[in-house]
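Here is the structure we will look at.
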Amino acid sequence: MEKKKDFLRMIVQEDLASGKYKEVVTRFPPEPNGFPHIGHAKAITINFGIARDFEGRCHLRMDDTNPVTEEEKYAKAIEDAVHWLGFEWDGPVRHTSDYFQRLYDYAVQLIKMGKAYVDSLSEEEIRAYRGTVTEPGRRSPYAERSVEENLDLFERMRKGEFKDGEHVLRAKIDMSSPNMQLRDPLLYRIRHAHHMRTGDAWCIYPMYDFAHCLSDYIEGITHSFCTLEFENNRAVYDWILDTLHLGPPRPYQYEFARLNMNYTVMSKRKLKELVDSGKVSGWDDPRMPTIAGYRRRGYTPKSIVNFCNSIGISKANSVVDVAQLEHAIRDDLNPKVPRVMCVLDPLKVVIENYEGSEELDASYYPHDVPKEGSRKLPFSKEIYIERDDFSENPPKGYYRLTPDQPVRLRHAYVIRCKEVIKDETGRITEIRAEYYPNSRSGADTSGIKVKSAIQWVDAATGYRAEVRLYDRLFRVENPRGIEDLNPDSLKIVKGAYVERAVIEEKPDERFQFERQGYFYPDPVDSGGEHPVFNRIVSLKDSWAKQSGKGKEALQKVSKAEPKAAKKEKKKEPSGEAGRVAPLDETQRKIFDRYREELGLREEQANPLARDEVLRSLFEAGLEKGAAPVILANLVLNEVARELKTVSSEELRYGPEELAELAKMIEEERISVKIAKQVFEEMVRSGESPGEIVEAKGWEQISDPQKILPIVDEVLTKYPEKVAQYREGNRKLFGFFVGQVLKATGGRANPRIVNELLNRTLK
RNA sequence: UGGGGUAUCGCCAAGUGGUAAGGCAACUGGUUUUGGUCCAGUCAUUCGGGGGUUCGAGUCCCUCUACCCCAUCCA
């Protein structure tokens, strides 16, 4: 439980602790207009996961406010995905459309309050009136309609008296707001369309901004988590709830960064394009980043959830490496699934000195997987091995079969190559080999040392199978779309051989084909007569890496290059810090006077010369007799910080207090650090510095005789740190200073502490 | 260019003034009848840049820069 929490969980925890809510209620609110993808998995994991962690509830709500794009089949896919990932929503599946009547009533209320109006501008006019990002908009002439007229019009909109686009309902907020979302956002539009659930009951539909916050409120949601692009919409969310005087308790919106992955596209539009263009076989194509795709590929729900938990939650736009997902599935499958043998590219091996057949005992699990189970492995004179596992001219470091190097057949015997048979084109068609009868696995008395064991399949009893090898769908890290597809994302191997047990015994749903990867029978195309296996993910392969073959290696190279360049670049622009606008004439005069008469440094004089508010405070403080440099620092750091959130009229202290504080620093009655604490106290209570220091007992301790015992105490308390320090870990010095200061409540004079420590630690 | 955000290792990501967590990737070495797993180890004198405050700054102040989002009757 004492795990580190992400910022969302932090918020929930605090809200629960403060009693703001007595239970957390979240929701996952997808729009049913496409298949859910791994990005949704992240949102699902967050919303359901937080509810679970804090023993709250999570609703599933279809955000079905746009009848023209939404379909029941998508809603179904979403429900399936949530269940498959292992989550259960609280109560029934909810729909924004369940609340259409209540939403309508809220809209009427807004109209009555004069906070919403029916606008009859055309779509283009509305756009034009809205202004741009840099210019304010103008309010529609229709905004002046009376409440009665608005009520009448809105009701007639509902009754279907108008065509699409004739009128809309808008909130009356602020057409000149720098936040575009606040420029009288649309609340309702007319759509004579058939809705997947409400049919033709409505012809006006609420917009996202209006429906979402109210649906959250209606459901008693406490924390409404959404992605970053809704940050600007939060103002509308709050406006609607506040204007209608809803709550507390009421929901608040918090945003997190959506998931991006390299070599992947995540937008619904691009995914749809892939499906529609036939570049993939459908939404559940195993190369698709959809939940359905991963599921068909063979990913486990647990691996997806683990992945989502492993990537963290933050507000930084980031791109997760697919390797992290691949790690999650390997990590889940490795300790679980049976190991079996499959040969993808068969090369026949005839063992000349072997006659008859036998069945070898072979465990399904390697020594490091604590599971029981084995099968009988048929063995006979003719077997298949992987073409890659033989080499006539082996590269350096090759561990497998060569004319001079024997190899072990996994779970069976050691063999040696006697002869290589080729066809007229020079292609190897067969290996004639010899086995060592006394080398049987588990009963090896031959004493032969081999470098590796390879998989094989008995020719007589093995099954032909189709194997589909998937690679990343896109060939570049940040694909734009179809133009960046990886032409080799699917390799179909028709003539593979799998051992008997895989077909006849089926010890599990998923397998590791030894030395190759994890595989899963394709749920659509695999049948008894025609087994088809999807490669979920390959095994890590340090040999491929080392021998530098395959496109992986190529990608690594092309990847490494821009990075090197980037690093280079990073150092370069250290030349010129940005130029600040020059001082005008009066500012210049002030600046010069501060520099010459008061002895301020440039960094102090400059901002004071520019900022009138700070300057007047500073000047007034000077008159009270404060030391210029100290006062300048106080004003420039502490006051400036407070002025970021509070206006100058609201300050609870004046020049006298600042001057007094400055004087106390000057006289070394308190340290500068303590002065900051005093300052905070002034902000909080409005008391004078003298009173605060008095009351808190914050006077500085500068007497070495008083500090020394504390130094000793600290040093005896952390003997191992002292040792580390003496061994050269100089960074620890700060730690010791910190401890001593902490022990004195920050009152010890840091200069003295430093001296003392320096002497004792020698 | 107005507003809202974000910048910590190749990729995620902790960090709330006192020794820069962790995971992925990568790289050593060991175990291994999977070139897998596992185990041990290496991998940020530095937090987008520059200044300032402080005994001490990734954390506070000033400033600059880069990137993302907002001008759908989409969500």
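Just so you know, these numbers use all the heavy atoms, side chains as well, and skip hydrogens, waters and symmetry mates. Naming convention: chains lettered A, B, ... in sequence-line order (proteins, then strands); numbering from 1 in each chain.
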Would you say A:K315 places a side-chain N or O within less than 4.0 Å of OP1 or OP2 belonging to B:C69?
no
Phosphate OP1/OP2 of B:C62 contacted by A:R610 side-chain N/O (<4.0 Å):
no
Tell me which of A:T134 and A:I313 sits closer to the 5' end of RNA chain B, going by the nucleotide each one is nearest to.
A:T134
Can you tell me if A:W543 is stacked onto the base of B:G35, using a 5.5 Å centroid cut-off and an angle below 30°?
yes
With hydrogens left out and only the distance checked, is there a donor-acceptor pair under 3.5 Å joining A:R339's side chain and the base of B:U34?
yes
Any strand, both distances under 3.5 Å, Watson-Crick or G-U wobble: B:U33 pairs with none
Can you tell me the base-pairing partner of B:C24? Count Watson-Crick or G-U wobble geometry only, both distances below 3.5 Å, and say none if there is no partner.
B:G10
Return the 5'-most residue of the pair A:N232, A:G165 with respect to RNA chain B, ranking by each residue's nearest nucleotide.
A:N232
Phosphate contact (B:A75 OP1 or OP2) by A:R189 side-chain N/O below 4.0 Å:
yes
Any donor-acceptor pair under 3.5 Å between the side chain of A:R515 and the base of B:U34?
no
Quiz item: A:Q516 side-chain donor-acceptor pair to B:U34 base, under 3.5 Å
no
Taking only side-chain nitrogens and oxygens of A:S318, does any of them come within less than 4.0 Å of OP1 or OP2 of B:C11?
no
On the side chain of A:N317, is there an atom forming a donor-acceptor pair with the base of B:G5 - under 3.5 Å, no angle test?
no
Tell whether A:R400 reaches the base of B:G35 with its side chain through a donor-acceptor pair below 3.5 angstrom.
yes
Can you find a side chain N or O atom of A:K731 that sits less than 4.0 Å from OP1 or OP2 on B:A20?
yes
Cationic N near anionic O, under 4.0 Å, A:E668 to A:R751
yes
If the cut-off is 4.0 Å, is A:S314 near the phosphate of B:A13, judged by side-chain N/O to OP1 or OP2?
yes
Tell me whether the side-chain N/O atoms of A:K644 come closer than 4.0 Å to OP1 or OP2 in B:C62.
yes
N/O (side chain, A:H367) to phosphate O (OP1/OP2, B:U32) under 4.0 Å:
no
When the C1' atoms of B:G35 and B:C67 are compared, how many Å lie between them, rounded to an integer?
41 Å
Please classify the nucleic acid contact of A:R601 as base, sugar-phosphate, or nothing, using heavy-atom distances under 4.0 Å.
sugar-phosphate
With no angle test and no hydrogens, is the base of B:G23 tied to the side chain of A:Q324 by a donor-acceptor pair under 3.5 Å?
yes
Would you measure the distance from the P atom in B:U42 across to the matching atom in B:U8 and give it in whole Å?
25 Å
